[in-house]
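Structure record follows, encoded as structure tokens.
So that the names make sense, note that chain A is the first sequence line, chain B the second, and so on, each numbered from 1.
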2 protein chains.
Amino acid sequence: MIDLKPKKLPKQARSRVSFDAIVGAAARLLRERGYEALTTNHIAEQAGVGIATLYEFFPNKEAIVAELTARLMAKVEANMEEAFAEARGLDPWAGVSHMTARAVAAMAAERDVFRVLLRQVPFVPQLPVVVETRAALAALSQRVRIEAAGALDLPMPEDDVWLISEMLYNAILEVAFLEVSERKRAELTKELARLTYRMAVGRDPETN
Amino acid sequence: MIDLKPKKLPKQARSRVSFDAIVGAAARLLRERGYEALTTNHIAEQAGVGIATLYEFFPNKEAIVAELTARLMAKVEANMEEAFAEARGLDPWAGVSHMTARAVAAMAAERDVFRVLLRQVPFVPQLPVVVETRAALAALSQRVRIEAAGALDLPMPEDDVWLISEMLYNAILEVAFLEVSERKRAELTKELARLTYRMAVGRDPETN
DNA sequence: ATATAATCCAAGTAATTGCTCGGAAAACTC
DNA sequence: GAGTTTTCCGAGCAATTACTTGGATTATAT
């Protein structure tokens with residue numbers, strides 16, 4: 001794979017505006033036109049900068065997508081760490097429920113961009129920042145589980161951890177991507193949390 | 001979306017050879033180079049036919065991909081119907097287990113092509129043939145569940161059916177796409193079946 | 001104020017893209 | 001075997017692509 005880092009970072013305020021406009025234009029084009037229509041010339045035009053300005057900061061198209069992805073994933077990760085802090089002290093079922101809801105909400109907030117990035121751009125799912133963020137999220141889930149272990153006495157083979165992570169991650173995306181009312185999405189999210197609890201614990205949560 | 005049907009079907013034996021060679025070349029290129037490298041000129045060259053011959057049968061590149069997808073999905077569906085017939089009469093856990101194993105095997109047999117088609121080509125997941133095959137597979141799962149319902153007494157909200165289908169489908173793909181030994185894949189598949197059973201039934205299967 | 005560095009960009013280039021043209025060869029039909 | 005249909009194809013075209021060039025403008029440092 002090619003070079004995915006910006007070749008230069010903005011040092012003055014005016015260039016930061018350009019830089020951000022480029023990343024923002026890429027997001028808008030992905031959202032509205034999909035990855036196939038994402039060309040460097042279109043991005044520059046949408047961003048209101050010359051094509052040469054774009055290449056001043058990014059070595060190629062992929063680097064722009066990578067930068068956009070990194071920004072979005074950072075937001076998700078921050079969100080989830082916040083959610084984890086909030087979930088501490090809750091009982092296992094409430095914790096799972098809360099984390100799931102926050103994850104769906106975080107993705108749903110930018111669902112059109114995420115759908116294109118994570119499901120249609122060949123290299124994005126393998127991007128280090130994506131792999132790392134997924135690992136961080138899985139680690140958070142693990143900590144929820146471990147804190148619950150005391151209360152629940154849960155053994156879990158490594159394969160199960162991986163499988164549950166994969167299933168939960170994909171289901172979160174599917175639920176976040178759905179074009180339904182937020183009310184319906186919340187219902188589905190709650191059911192998803194319950195199914196996850198079933199997978200992890202082997203029985204239904206005690207709803208008290 | 002554009003026209004995705006072949007503009008003409010082969011009527012003589014020699015042209016069927018060309019037709020198949022084109023579809024086969026598309027599969028090989030997707031497998032080895034990914035969707036971005038899939039160009040009509042490359043396909044024709046790989047297939048050993050002139051570019052004009054390709055356009056004799058297909059109106060555009062997308063139609064070739066659609067034809068390939070249809071062939072692969074048909075194979076999967078046939079496989080799963082066979083698996084369903086074999087699963088009849090088995091107890092619920094054995095049934096789920098068997099169906100899951102067959103599904104993973106069916107996808108794993110062409111994993112590189114499926115990974116590109118289903119995860120990287122923008123229009124493939126929405127292709128009617130894909131949507132319909134997924135619906136057919138979900139219906140099969142439903143029939144397994146309904147036959148099991150007598151033995152298990154299972155109520156299940158509609159949302160759960162959808163969620164479990166989504167999670168199972170995605171997990172089947174993930175397991176099928178993994179580059180691991182077949183032994184390891186079989187282990188993961190068994191665990192996946194167990195987690196699915198947990199989701200659907202709410203407790204572990206009685207392993208007897 | 002001058003020098004240096006940062007930022008900007010329109011015009012253009014070489015390569016590649018999907019696809020058409022015009023017609024030749026081979027296979028069926030009668 | 002004449003006529004019709006099917007199959008084949010390479011040269012080439014118009015459009016688009018990612019990206020470079022060469023230099024102008026603006027900010028910063030001293």
Which part of the nucleic acid does B/I51 contact within heavy-atom distance under 4.0 Å: base, sugar-phosphate only, or nothing?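 Counting heavy atoms under 4.0 Å across all strands, the contact made by B/I51 includes a base.
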
What does B/N41 touch in the nucleic acid at a heavy-atom separation under 4.0 angstrom: a base, only the sugar-phosphate, or nothing?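 Base contact.
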
Pick out the pairs of N or O atoms, protein on one side and nucleotides 6-8 of chain C on the other, that lie under 3.5 Å.
residue: C/dT7; atom: OP1; partner: A/K11; partner atom: N; Å: 2.7
residue: C/dT7; atom: OP1; partner: A/Q12; partner atom: N; Å: 2.6
residue: C/dT7; atom: OP1; partner: A/S15; partner atom: OG; Å: 2.5
residue: C/dC8; atom: OP1; partner: A/R14; partner atom: O; Å: 3.2
residue: C/dC8; atom: OP1; partner: A/S18; partner atom: OG; Å: 2.5
residue: C/dC8; atom: OP2; partner: A/S18; partner atom: OG; Å: 3.4
residue: C/dC8; atom: N4; partner: A/E56; partner atom: OE1; Å: 3.4

By side-chain hydrogen bond (donor to acceptor under 3.5 Å, both in side chains) - contacts of [X] (at least two apart):
{"X": "B/K190", "result": "B/S97"}
{"X": "B/R33", "result": "none"}
{"X": "A/E81", "result": "none"}

All salt bridge (charged side-chain N to carboxylate O under 4.0 Å, His left out) counterparts of [X], not counting sequence neighbours:
{"X": "B/R134", "answer": "B/E166"}
{"X": "B/K7", "answer": "none"}
{"X": "B/E62", "answer": "none"}

Residue-level proximity of residues 27-39 of chain A to DNA chain C when a heavy atom falls under 4.0 Å: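 Nothing qualifies; none.
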
Using a strict threshold of under 4.0 Å (side-chain N to carboxylate O), is an ion pair present between A/K75 and A/E82?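 Here A/E82 does not pair with A/K75 in a salt bridge, since their nearest N and O are not under 4.0 Å apart.
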
Scan residues 41-54 of chain A for pairs that pass side-chain hydrogen bond (donor to acceptor under 3.5 Å, both in side chains), counting only residues two or more places apart or in two chains.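 Listed once each, the pairs are A/R28-A/Q46, A/T39-A/H42.
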
Please list all pairs passing the salt bridge (Lys or Arg N to Asp or Glu O under 4.0 Å) test where one or both residues lie in residues 122-132 of chain B, with sequence neighbours left out.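 Matches after skipping sequence neighbours: none remain.
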
Any salt bridge (Lys or Arg N to Asp or Glu O under 4.0 Å) pairs touching residues 11-23 of chain B, not counting sequence neighbours?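 Every pair satisfying salt bridge (Lys or Arg N to Asp or Glu O under 4.0 Å) with a residue in residues 11-23 of chain B: B/D20-B/R71.
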
Nucleotide interval of DNA chain D bounded by contacts with chain B (heavy-atom cut-off, under 4.0 Å):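 Boundary nucleotides touching chain B, in 5' to 3' order, are D/dT6 to D/dA11.
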
In whole angstroms, how far is the C1' atom of C/dC9 from the CD atom of A/E45?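 Distance check: A/E45 CD to C/dC9 C1' gives 14 Å.
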
Can you measure B/K61 atom NZ to C/dT16 atom P for me and round it to whole angstrom units?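 It works out to 15 Å between those atoms.
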
